[in-house]
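These numbers were taken from a predicted model, which means no experiment stands behind them. Numbering starts at 1 and runs along the sequence shown.
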Amino acid sequence: MSHVTAAFVLVSLLGLSVVLAEDPYLFFTWNVTYGSIAPLGIRQKVILINNQFPGPEVNCTSNNNIIINVFNNLDEPFLLTWNGVQNRKNSWMDGTPGTNCPIPPGQNFTYHFQPKDQIGTFFYFPSVGMQKAAGGFGMLRVHSRLLIPVPFAPPAEEFDVLAGDWFTASHKLLARKLDAGRGLGLPAGVLINGRPGRPVTGHDDPPMFTVQAGNVYRFRFCNVGLKTSLNFRIQKHSLKLVEMEGSHTIQNLYDSLDVHVGQCLSVLVVADQGPGDYYLVVSTRFTKKIHTATAVLRYAGSNTPPSPVIPEGPSGWAWSFNQWRTFRWNLTASAARPNPQGSYHYGEINITRTIKLLNGHTVVDGKRRHFINGVSHVDPDTPLKLAEYFNLSNPVFNYNLMGDVPPALDIPVKLAPNVITAEFRTFIEIIFENTERSIQSYHLDGYAFFPVGMGPGKWSPESRRLYNLLDTVSRHSIHVFPKSWTAIMLTFDNAGMWNLRSMNWENKYLGQQLYVSVTSPARSLRDEYNMPDNTLRCGAVVGLPLPPSYV
């Protein structure tokens, strides 16, 4: 079967308009298996994709049709989610337990999505249980189309840097610890592209990156860990920030950059030092014990080892907060825009609703639970999107168990699916207030948003005077410092069921997440796709006839 024929067959299979066939198709077949590795000296079971750890890179262009046939060869259900890909009108492909039935062992599922009008640096990872602790993650690059100018010259080469904290216990053991009411504890170390570098082995791994003197290189960095913020730097080299999570930035130079859990960015690095080897360094932030990983960057032809003096990372919260304040959106760049499409004037849009989200933890039935506004989320057996589509929301879940304002702290926490509704195409302000002593990082599927402000203490309406209403960087993940607040704004114009979650995976696993249901009153295919024909069914929707089509 030719690729053209296969494309039309897949479009029909997935229930999408054949108009999409004009955009190029990229096809992938991924086999998900267990493997055994010992990155920190202790052999452990990890999740491999096509025998790779990290998994294969998806290298595509804006609006490409991405077709990924995932075969689950594990002994447990499995799902992948595409962190930062908005899946316009298509939460069916979001790959979270609230939108998709997990792929059963021995079966497969074909994802079909487009990074519609998007560019930037993203990653994918397993969304079921604690599988993220076992690997199964990989880089997802989305390039600008050729006709759209980019605000920097094409680099000589691009390098992926997937870094994160790492635990040597298996993901199933970590889940059992959390289920028993205990915490994960501290990570055993940090990995860069699956390797720790010198600190564990006692000698340097072969060079991970090779450069030619005088050339410029793009490093795409993502924090794929479970709970720990990281700092990223390269010996004797400056980092020119050019992109964060799908938005071009003002191109400031930095000695190092903090990247919080779930966040991604791109920097340009000029190979302007003497021929030799240099360390790319990643170290933990805000931890009593600092874990460090290294990777060797080699100038071609070098036989000079890197200096053993590893540059120290920054310390303290204030440094990170002040750095965040320097991040600015490049308003002169021609590129894909966040929604509202093409708008630079988010500060002039009237806010129609303010939602204040307060996170915390408590003990329920002798076990630790995390919550948002008094509700600790529990995934039902029937994915929320399927229940809603088949008009079975009741009894599967109830909308709006939590309000727009946090309840009193002495109100008992509810354990239930946490689903709120947002009116289609309304511009909403969301305030994250962090009562904990540890940093939080939040991600919203399906959207880019504007993080307009953050500050210490509690938010109040007067805090709006500190907002950046001109050029904050549009992105999909944002952090909240301890005992602090962060404010975001966005238009809820992407119909679907979308996960708003803590990227601190311990907190997320124990309930610090919710789903936002955004429905189009018109039930129009202009706003949302029908359920694809290949959708896996589970729970209460098994065997039910399809609801009437959107029109």
Side-chain angles (χ1 to χ4, degrees), residues 54 83-84 120-125 132 137-141 158-166 187 189-194 197 208-209 218-234 237-269 279-287 290-295 311-328 438-443 451 454 472-481 486 502-505:
N83 208 62
T121 303
F122 314 105
F123 68 99
Y124 61 86
F125 65 87
K132 188 172 187 277
F137 49 75
M139 183 67 78
L140 204 162
R141 303 178 182 174
E158 296 191 6
F159 298 119
D160 296 340
V161 184
L162 293 165
D165 55 14
W166 190 254
V190 175
L191 301 183
I192 302 173
N193 293 342
M208 192 172 288
F209 314 104
R218 180 175 184 170
F219 286 78
R220 296 178 182 261
F221 187 99
C222 291
N223 184 337
V224 297
L226 294 184
K227 61 187 297 184
T228 311
S229 298
L230 300 174
N231 183 267
F232 159 57
R233 52 202 184 273
I234 302 176
H237 290 77
S238 294
L239 312 175
K240 179 184 285 188
L241 182 67
V242 295
E243 176 257 334
M244 300 185 79
E245 299 178 352
S247 293
H248 293 308
T249 63
I250 297 297
Q251 297 177 12
N252 295 326
L253 289 174
Y254 299 89
D255 293 327
S256 70
L257 284 160
D258 276 358
V259 185
H260 307 285
V261 181
Q263 298 181 1
C264 295
L265 53 79
S266 290
V267 298
L268 297 181
V269 177
Y279 283 131
L280 182 151
V281 183
V282 175
S283 60
T284 58
R285 291 280 276 130
F286 321 126
T287 55
I290 298 177
H291 290 288
T292 301
T294 58
E312 292 187 2
S315 61
W317 303 98
W319 187 95
S320 189
F321 174 73
N322 289 331
Q323 183 176 79
W324 176 80
R325 295 178 63 184
T326 69
F327 301 150
R328 290 290 185 267
S438 58
I439 190 170
Q440 302 294 337
S441 184
Y442 285 95
H443 169 86
M454 61 175 63
T472 190
V473 180
S474 173
R475 54 193 304 180
H476 57 74
S477 301
I478 195 61
H479 50 286
V480 193
F481 289 112
T486 293
S502 171
M503 289 303 289
N504 180 323
W505 216 245

Take the angle between the ring planes of F122 and H476 and call it parallel below 30°, perpendicular above 60°, tilted in between.
tilted
Parallel, tilted or perpendicular: which one describes the rings of F286 and W317, with boundaries at 30° and 60°?
parallel
Quick one: do the S283 and R233 side chains pair a donor with an acceptor below 3.5 Å?
yes
Is the shortest heavy-atom distance from the side chain of [X] to the side chain of [Y] under 4.5 Å?
X    : Y    : answer
N231 : V282 : no
M139 : C222 : yes
W166 : L191 : yes
I234 : V281 : no
V190 : T292 : no
T249 : F327 : no
S256 : W319 : yes
V267 : V242 : no

N/O donor-acceptor pair under 3.5 Å between [X] side chain and [Y] backbone:
X    : Y    : answer
R285 : G313 : no
R475 : T472 : no
S477 : H443 : no
E245 : S474 : no
T486 : H479 : yes
T326 : Q323 : yes
N193 : L162 : yes
H260 : L230 : no
S441 : V261 : yes
S502 : N504 : yes

Would you compute the distance between atom [atom1] of [X] and atom [atom2] of [Y] and round it to the nearest 0.5 angstrom?
X    : Y    : atom1 : atom2 : value
F321 : M454 : CZ    : CE    : 7.0 Å
Y254 : K240 : OH    : NZ    : 12.5 Å
M244 : R328 : CE    : CZ    : 11.5 Å
L265 : Q263 : CG    : CD    : 8.0 Å

Around atom CG of N322, are there more than 12 heavy atoms from other residues, nucleotides or ligands closer than 6.0 Å?
yes
Nearest heavy-atom neighbours spanning [X] and [Y]:
X    : Y    : answer
I478 : W324 : CD1-NE1, 3.7 Å
L253 : S238 : CD2-CB, 4.2 Å
T228 : P187 : OG1-CG, 3.9 Å

Test F221 against F232 for ring pair (Phe, Tyr, Trp, His ring centres under 6.0 Å), laying out the working first.
CA-CA 8 Å; F221 187 99; F232 159 57; 4.5 Å; yes
Taking the six-membered ring for Trp, is the centroid-to-centroid distance between F159 and F219 below 6.0 Å?
yes
Is the ring centre of F125 less than 6.0 Å from the ring centre of W505?
yes
Could you go step by step and tell me if R220 and T121 meet the side-chain hydrogen bond (donor to acceptor under 3.5 Å, both in side chains) rule?
CA-CA 6 Å; R220 296 178 182 261; T121 303; 2.8 Å; yes
Is the shortest distance from a Lys or Arg side-chain nitrogen in K227 or D165 to a carboxylate oxygen in the other one below 4.0 Å?
no
